[in-house]
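Predicted model, so just to flag it, every value in this text is computed and none were measured. We name chains A, B, ... by the order of the sequence lines, and we start the count at 1 in each one.
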There are 4 protein chains.
Amino acid sequence: MSGELRLRRRVAFSETDVAGIVHFSNYFRYFEDAEHALWREAGLSIHPVESAVGWPRVSASCEYRRPLRFEQEFDVSVSIAEITTRTVRYTGTITSNGDLVATAAWKIACVDKQPDGSLRSTEIPATVRERLEPYVHRPSAVGHRPSDTA
Amino acid sequence: MSGELRLRRRVAFSETDVAGIVHFSNYFRYFEDAEHALWREAGLSIHPVESAVGWPRVSASCEYRRPLRFEQEFDVSVSIAEITTRTVRYTGTITSNGDLVATAAWKIACVDKQPDGSLRSTEIPATVRERLEPYVHRPSAVGHRPSDTA
Amino acid sequence: MSGELRLRRRVAFSETDVAGIVHFSNYFRYFEDAEHALWREAGLSIHPVESAVGWPRVSASCEYRRPLRFEQEFDVSVSIAEITTRTVRYTGTITSNGDLVATAAWKIACVDKQPDGSLRSTEIPATVRERLEPYVHRPSAVGHRPSDTA
Amino acid sequence: MSGELRLRRRVAFSETDVAGIVHFSNYFRYFEDAEHALWREAGLSIHPVESAVGWPRVSASCEYRRPLRFEQEFDVSVSIAEITTRTVRYTGTITSNGDLVATAAWKIACVDKQPDGSLRSTEIPATVRERLEPYVHRPSAVGHRPSDTA
């Protein structure tokens, strides 16, 4: 298993801005959509109708290499870099016609909702962990990756 | 009382599109923001943390007269055209520097959420009706306006 | 030819709102994306890199029948109701699992950009008209549809 | 001079998602709006009608500490961390009622548009640099900050 989910998309008009290119904030939506497709492929939903837990973003970053323009086709690929007991860390890439467009990294945390509405970090349910595990990217593994302690 | 809520805004970069003007879908967000400001001025929230009812759109329409551009200042004004037992109908106008930019009309319905998640039309709570009444636009009123039966 | 373009989509997380359903403004983006897919199927782009003309919205309206929720699949279909010398009028429908979700109507105008940046109505280029003509919905035509005089 | 631009905002309904909080991608729009307000306060526009240069994002990152909810008021503050010959690097903070909500860092590059439409890095015009300089955040400066070589 490649540990990767790949989606092909095309730039929508409403995603562009007056500079003639996709607004930078929309790249984060592209990556999120691919992340959620990964969950579906794993037999999960990140937001089922009834769920005791939620998955807010802890951090998100993107490096922009090339612009995307209206109607341009591109590929978004996402894999899981690491699962800790309470967080999932992803990396993603956007390419178009063989060119690197953007790279991104982000982390989500498993939380439960307190009676006062606040969100509290909690452990990832075992069933979720099991289904996401096959998507963890394992590099050819000579060295060790430092553990995420968040 | 004027029965009108007026907001001044400035076009954000992310609201524009590759044609160099505000994307037409964002006008609906401008009008909605003014609608919600009207509720706040009336001492209400359209989506309080705990609420038995919700207010989905039944219909929305907009006529576009002039484009809006990045950083352009404009005014959004909203008033209530009619309140029926179960719906609120609004009209709104966007102007910029004295020029008419757009006009809009939309209707929201009061609903409660069924156990299966579906939405069912219900009567507007009396407290909401009382607070919105002062914002109903009453034209100088020779003739009668036909009642909205939706 | 059916005179219709149909797209299947799935609701993205970023398209939902705190009411738990797709924000009403996003329906306009769904319809616009299907409209632009219709242009592509017709061998056109509504916004080519070099173009003497643009196509702003003149009006847009939508009637909402049922909510759409996160990850729900739905179909958007668009056809052209009428082409005049300067405008194109569309109608569209969203359905999901056989249920009607929304209907919409909108009109775009062909404009050219004046040296001062303002937009002026102009005639639709012949090549565009020819390619869009097959998508004009011709109902089985006992009565006549009144002409759009915009 | 504080080297900081501060804006107060309120969460709009369309900025929330089905999790009941502001969608994480919208934080980037909040920071960008404050950045552009900084340019206006400096007597500039980041996208004037006629301009030889543009300012795409090179990178953007955000750390999320607390959620924002519908109608919540919050403050966005932005300052310039560094100006190099070709880039501007910003840092920003969102707070609400005294609590830290998010921190962000991002970098924009000055580019000119090539005849083929591609974007090429170029030097920041002197007039822009002069006007932005007062907004560069100068910490109390015992050590040296490493130069950005992008």
Side-chain angles (χ1 to χ4, degrees), chain B residues 14-33 35-36 45-49 51 53-70 72 87 99 101-114 116-121 150, chain C residues 14-33 35-36 45-49 51 53-70 72 87 99 101-114 116-121 150:
Chain B
S14 61
E15 295 165 351
T16 62
D17 63 32
V18 62
I21 60 181
V22 170
H23 191 262
F24 79 100
S25 64
N26 290 323
Y27 287 61
F28 291 99
R29 298 180 178 186
Y30 295 156
F31 284 115
E32 182 186 50
D33 290 350
E35 171 193 347
H36 294 173
S45 169
I46 203 167
H47 193 82
V49 173
S51 177
V53 298
W55 301 90
R57 288 295 190 269
V58 174
S59 62
S61 66
C62 186
E63 309 252 329
Y64 303 90
R65 303 296 187 86
R66 279 184 180 76
L68 288 171
R69 296 173 194 284
F70 176 54
Q72 187 172 344
T87 66
D99 291 323
V101 169
T103 58
W106 65 99
K107 189 162 66 175
I108 63 174
C110 188
V111 300
D112 53 16
K113 208 171 174 175
Q114 301 301 99
D116 69 350
S118 67
L119 307 176
R120 191 188 55 176
S121 169
Chain C
S14 62
E15 294 165 353
T16 61
D17 63 33
V18 63
I21 59 180
V22 169
H23 192 261
F24 79 100
S25 65
N26 289 323
Y27 287 62
F28 290 100
R29 298 181 179 186
Y30 295 155
F31 284 115
E32 182 185 50
D33 290 348
E35 171 191 348
H36 294 173
S45 169
I46 202 166
H47 193 82
V49 174
S51 178
V53 299
W55 301 90
R57 289 295 190 272
V58 175
S59 62
S61 65
C62 185
E63 310 251 330
Y64 303 88
R65 302 297 187 87
R66 279 182 180 77
L68 287 171
R69 297 175 192 283
F70 175 53
Q72 187 172 345
T87 66
D99 290 324
V101 169
T103 57
W106 64 100
K107 190 161 66 173
I108 63 174
C110 188
V111 301
D112 53 14
K113 208 171 173 175
Q114 301 300 101
D116 68 351
S118 67
L119 307 175
R120 192 188 55 176
S121 170

Donor-acceptor contacts, no H, no angles, side chain residues 57-64 of chain C, under 3.5 Å, sequence neighbours left out:
from, atom 1, to, atom 2, distance (Å)
Arg57(C), NH1, Glu35(C), OE1, 3.4
Arg57(C), NH2, Glu35(C), OE1, 2.8
Ser61(C), OG, Ala105(C), O, 3.4
Tyr64(C), OH, Phe24(C), O, 3.0

> Listed by chain and number, what are the side-chain contact (heavy atoms from CB on, under 4.5 Å) partners of Arg65(C), not counting sequence neighbours?
Replying inline: Leu100(C)
> What are the two closest non-hydrogen atoms of Ser25(B) and Arg29(C), and how far apart are they?
Replying inline: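 Looks like OG-NE, 2.8 Å.
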> Picking from Ile21(B), Asp17(B), Leu119(B), which has the most non-hydrogen pairs under 4.5 angstrom with chain C?
Replying inline: Leu119(B)
> Can you say whether Arg66(C) sits under 4.5 Å from chain B via the side chain, the backbone, both, or neither, judging by heavy atoms?
Replying inline: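 The answer is neither part of Arg66(C).
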